[in-house]
Structures are given as C-alpha cells and as structure tokens.
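Everything below concerns the one structure shown next.
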Amino acid sequence: VASLLRKHVWVAYDPRDRDLSLGEAGISVDGIRRDLRQIKAAGFTGITTFGCDRSSARIPGLAKEQGLAVIVGVFNAADRSEVMRAGACGRYADAYCVGYNHQRTDYHIKDVREAIRWLKRRTGLPATSTQPVAHYKDDAQLSQLGDWLFPDAGINWQTDRDRQDIEQILRLFRQQT
C-alpha cells in the first residue's frame, strides 16, 4: 500500500460537467476523457473517485486508458449495488476507498467495515475509508478500518482547532507506519 500511495501524485476526481438534474445520464464519456487528459497534463498520476454510481463506474476504465492509477470510491457503503459495481471495476482499480462521513444517516460504520471486507475478498486489493479529520480523534475505530489512514482534510485550516486535529491525525499515522 505504501508504495502505491507514494509513487503517485493523487487528486480527488469528480466529473466537472456532471449535471445532477440528469441523474446517471448527467456525465459524458467525452467530458470525463477531457478531464482525465487535463489531470494527467497537470502532473497527477492517480485519481480517487467519490462514488460508483452507474455513470461514475465508467471512470476507472477511462482513467486507466490515460495511464492513471485509480482508487475507486464508494460513496454510500450501505448501497449494495454501488459496492458491487465498485467490485466489478476491480480490473481497473488499484485500491478502494469506502464511505464518506460515517455519521451520515444513510450508512453507519458497520456498513463501511462490511463493504471494505467484501471488496478486499472479492478483489484482493487494499481498501480503506475516508472520514473528516476530526472524526478520527473522536472515534478510535476509524484508524483501524482499512489498510491505510485516508482522512478527508477538506477543512479550512484556519483555526487552531483545525491545526490540532491535523496534528493528531499525523501522530496516529506515524504510530501505524
């Protein structure tokens, strides 16, 4: 896992031209290809996706066409269809990231744990979850969920509390490596 993460320059990816009002039809393959070419031209060598709905399930294969590494995301760990679609992307995946913010009402940490186990058994690939940085401090189970720590650091970094949370996550990471 460490070599996979270290040998690539990663960026989170969601199609730029996604039209949410059109549902799964709201993503064009040409738009995804254009985005991925721009990502590669910018110097990134790997992407992580946010989910694996029917239209997003095309992204890993299109990313591989561009020579990019892929961490396939599963947004809703309780959605068996989404988890199964992610597993079907295994030939294009390098790893998996299951769930975003387990305290949401649509799934719980047990769903994340079960989806991670299923994907690992099905594909043999490493898997983890990503949760907001502060959740790792408040829930010790999160640091044990997957094969690596992958906190969502999408915070404003402007308060002392944010900095303290980041420092604590870095300490947890150092303890595991």
Side-chain angles (χ1 to χ4, degrees), residues 1-14 44-54 56-57 59-60 63 68-177:
V1 174
S3 65
L4 170 68
L5 297 176
R6 288 185 180 131
K7 77 179 182 182
H8 293 286
V9 180
W10 295 95
V11 65
Y13 173 67
D14 199 35
F44 294 99
T45 60
I47 64 165
T48 181
T49 64
F50 289 98
C52 206
D53 61 22
R54 284 190 182 110
S56 296
I59 295 171
L68 296 166
V70 181
I71 297 174
V72 174
V74 174
F75 185 80
N76 184 347
D79 181 345
R80 286 306 290 166
S81 295
E82 183 178 6
V83 174
M84 290 173 64
R85 272 191 300 277
C89 291
R91 67 179 179 225
Y92 304 116
D94 294 283
Y96 288 94
C97 181
V98 178
Y100 292 87
N101 189 355
H102 82 273
Q103 295 177 2
R104 294 167 42 112
T105 58
D106 49 358
Y107 66 88
H108 301 283
I109 196 166
K110 76 172 189 55
D111 299 314
V112 174
R113 187 178 297 110
E114 289 170 10
I116 287 172
R117 284 184 190 143
W118 186 86
L119 286 165
K120 288 176 61 122
R121 277 194 313 267
R122 168 122 161 76
T123 67
L125 294 171
T128 195
S129 183
T130 188
Q131 308 298 330
V133 168
H135 291 199
Y136 288 83
K137 184 179 84 172
D138 300 332
D139 188 344
Q141 293 179 70
L142 291 180
S143 64
Q144 306 300 315
L145 260 182
D147 294 310
W148 76 97
L149 286 176
F150 203 43
D152 180 351
I155 55 177
N156 67 20
W157 295 72
Q158 295 179 12
T159 68
D160 287 337
R161 167 88 185 191
D162 294 336
R163 286 186 196 93
Q164 290 168 1
D165 289 344
I166 294 292
E167 289 169 8
Q168 181 158 356
I169 293 305
L170 290 173
R171 280 192 297 278
L172 278 170
F173 173 74
R174 288 183 192 112
Q175 289 172 3
Q176 288 192 353
T177 57

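Computation of the quantities below employed the complete heavy-atom set of this structure, encompassing side-chain atoms and omitting hydrogens, waters and symmetry-equivalent molecules. Model, not experiment: these values are computed from the prediction.
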- Mind checking the OH-CG spacing from Tyr92 to Leu68? Nearest 0.5 Å is all I need. 14.5 Å

- Tightest non-hydrogen contact, residues Gly51 and Ser56, listed as O-CB, 3.6 Å

- Message: Under a 3.5 Å distance rule, please check whether Asp111 uses its side chain to pair with a backbone N or O of His108 as donor and acceptor.
- Response: yes

- Message: Let me confirm one number: the CG-SG distance from Asp147 to Cys97, rounded to the nearest 0.5 Å.
- Response: 11.5 Å

- Task: For the pair Glu82 (side chain) and Val74 (backbone), establish whether a donor and an acceptor sit closer than 3.5 Å, ignoring hydrogens and angles.
- Result: no

- Query: Which atom names give the shortest non-hydrogen contact between Ala57 and Pro60, and what distance separates them?
  - Reply: O-CD, 3.3 Å

- Message: Assess the residue pair Arg80 and Trp118 against the criterion (side-chain contact (heavy atoms from CB on, under 4.5 Å)); give the C-alpha distance rounded to whole Å, side-chain angles, the decisive distance to 0.1 Å, and a yes or no.
- Response: CA-CA 10 Å; Arg80 286 306 290 166; Trp118 186 86; 3.6 Å; yes

- Item | Backbone of Leu5 reached by a side-chain donor or acceptor of Trp10 within 3.5 Å | yes

- Task: Taking the side chain as every heavy atom from C-beta outward, state whether Gln131 and Asp152 have any pair of such atoms under 4.5 Å apart.
- Result: no

- Query: Going through the distances and angles, do Asp94 and Val72 end up as a side-chain contact (heavy atoms from CB on, under 4.5 Å)?
  - Reply: CA-CA 8 Å; Asp94 294 283; Val72 174; over 6 Å; no

- Nearest-0.5 Å distance that lies between atom CH2 in Trp148 and atom OG in Ser129: 10.0 Å

- Decide yes or no for Leu149 and Thr128: does some side-chain heavy atom of the first lie under 4.5 Å from some side-chain heavy atom of the second? no

- Test Thr130 against Phe150 for side-chain contact (heavy atoms from CB on, under 4.5 Å), laying out the working first. CA-CA 5 Å; Thr130 188; Phe150 203 43; 4.1 Å; yes

- Message: For Thr49 and Ile71: C-alpha separation, side-chain torsions, deciding distance, then whether side-chain contact (heavy atoms from CB on, under 4.5 Å) applies.
- Response: CA-CA 6 Å; Thr49 64; Ile71 297 174; over 6 Å; no

- Closest approach of Ala88 and Arg122, non-hydrogen atoms and distance? CA-NH2, 3.9 Å

- Item | Shortest non-hydrogen contact from Tyr96 toward Gly90 | OH-CA, 3.2 Å

- Task: Find the distance between CD1 (Ile59) and CZ (Phe50) and round it off to the nearest 0.5 Å.
- Result: 10.0 Å

- Item | Shortest non-hydrogen separation from Val1 to Pro126 and the atoms involved | CG2-CB, 3.5 Å

- Task: Answer yes or no: is there an ion pair linking Asp53 with Arg85, defined by an N-O contact shorter than 4.0 Å?
- Result: no

- Going from CD on Glu114 to CG on Leu119, what distance comes out if it is rounded to the nearest 0.5 angstrom? 12.0 Å

- Task: Measure across Ile116 and Ala127 and return the closest heavy-atom pair with its distance rounded to 0.1 Å.
- Result: CG2-CB, 3.9 Å

- What distance do Leu145 atom CG and Arg113 atom CZ have between them, rounded to the nearest 0.5 Å? 5.5 Å

